[in-house]
Amino acid sequence: QVQLAESGGGLVQAGGSLRLSCVASGQTGRRYAMGWFRQGIGKEREIVAAHGWSSGDTYYSDSAKGRFTISRTSAKNTVYLQMNNLEPEDTALYYCAAKARGVAGQRSYDYDYWGQGTQVTVSS
């Protein structure tokens, strides 16, 4: 089992920045890929960004490209999402997820473990 704990959410004005963190604990010895998803009220859960086991293996949604950056510590157990130039449309509950197959992926059903989420609210 892998436990994921997100932090870093909050309230920010449009144009501002936030950095989300996700720390993995438990059986993290496998080559996990990690991703960030979000779900707004009345919306489906969607991929934001993902980071594979390999350092150059990343994926970004179209809405995240150019504004968000996903990174991972050398120890592989922490993943960050730096979010810049935030927009009200980014308001959502952001989830960290991990999957045992170590390639960055965009499909939520491929992920085996999920955190509880951290709320991001962007005011206009």
Side-chain angles (χ1 to χ4, degrees):
Q1 291 291 322
V2 174
Q3 293 78 44
L4 302 172
E6 306 101 331
S7 62
L11 173 63
V12 64
Q13 289 187 332
S17 299
L18 284 173
R19 188 175 84 154
L20 306 184
S21 301
C22 173
V23 179
S25 61
Q27 297 180 351
T28 57
R30 300 181 66 180
R31 295 175 176 264
Y32 289 99
M34 298 180 76
W36 286 99
F37 291 78
R38 68 185 183 187
Q39 187 166 17
I41 296 175
K43 298 181 180 180
E44 294 185 355
R45 188 172 298 187
E46 62 177 359
I47 183 73
V48 178
H51 197 300
W53 182 258
S54 300
S55 60
D57 181 19
T58 57
Y59 172 87
Y60 293 93
S61 67
D62 287 343
S63 63
K65 287 178 183 176
R67 300 188 300 133
F68 296 177
T69 303
I70 190 169
S71 60
R72 194 166 182 173
T73 60
S74 58
K76 306 290 189 180
N77 66 329
T78 302
V79 65
Y80 302 100
L81 184 67
Q82 177 67 43
M83 304 188 294
N84 298 327
N85 195 21
L86 283 160
E87 303 168 351
E89 293 74 22
D90 296 315
T91 295
L93 188 61
Y94 283 69
Y95 296 93
C96 177
K99 67 184 185 77
R101 295 153 296 282
V103 177
Q106 60 178 302
R107 301 178 302 191
S108 60
Y109 55 79
D110 285 334
Y111 286 77
D112 304 298
Y113 304 100
W114 292 83
Q116 294 298 309
T118 184
Q119 179 67 37
V120 171
T121 303
V122 184
S123 63
S124 58

Interatomic distance, Arg72 atom CZ to Asp57 atom CG [nearest 0.5 angstrom]: 9.5 Å
Nearest-0.5 Å distance, NZ of residue Lys99 to CZ of residue Arg107: 8.0 Å
Qualifying residues under side-chain hydrogen bond (donor to acceptor under 3.5 Å, both in side chains), relative to Glu46, sequence neighbours excluded: Arg38
Heavy-atom closest pair, residues Gly52 and Ala33: CA-CB, 3.9 Å
Asp112 side-chain N/O to Ala100 backbone N/O, donor-acceptor pair under 3.5 Å: yes
More than 12 heavy atoms of other groups within 6.0 Å of Arg45 CZ: yes
Residue pairs passing the ring pair (Phe, Tyr, Trp, His ring centres under 6.0 Å) test where at least one lies in residues 35-75, sequence neighbours excluded: Phe37-Tyr111, Phe37-Trp114
Value rounded to 0.5 Å, distance of CD in Gln82 from CG in Leu20: 9.0 Å
Crowding at CD, Glu87 (>12 non-hydrogen neighbours, <6.0 Å): yes
Counterpart residues, side-chain hydrogen bond (donor to acceptor under 3.5 Å, both in side chains), relative to Tyr80 (two or more places apart): none
Side chains of residues 117-124: which donor-acceptor partners sit under 3.5 Å, not counting sequence neighbours?
{"unit_1": "Thr118", "atom_1": "OG1", "unit_2": "Gly9", "atom_2": "N", "d": "3.1"}
{"unit_1": "Gln119", "atom_1": "NE2", "unit_2": "Ala92", "atom_2": "O", "d": "3.3"}
{"unit_1": "Gln119", "atom_1": "NE2", "unit_2": "Thr121", "atom_2": "OG1", "d": "3.4"}

Ser63 side, atom OG; Asp90 side, atom CG - distance, nearest 0.5 Å: 6.5 Å
Partner set under side-chain hydrogen bond (donor to acceptor under 3.5 Å, both in side chains) for Gln3, not counting sequence neighbours: none
Pairs meeting criterion side chain to side chain donor-acceptor pair (under 3.5 Å) with involvement of residues 4-23, two or more places apart: Ser17-Asn84
Ile47-Tyr32 co-clustered via ILVMFWY side chain contacts under 4.5 Å: no
Ala98 to Leu4 - nearest heavy-atom pair and separation: N-CD1, 3.7 Å
In one Ile/Leu/Val/Met/Phe/Trp/Tyr side-chain cluster, 4.5 Å: Met83, Ile70: yes
Test side chain to side chain contact (heavy atoms under 4.5 Å, CB included) applied to Met34 and Cys96, step by step: CA-CA 7 Å; Met34 298 180 76; Cys96 177; 3.9 Å; yes
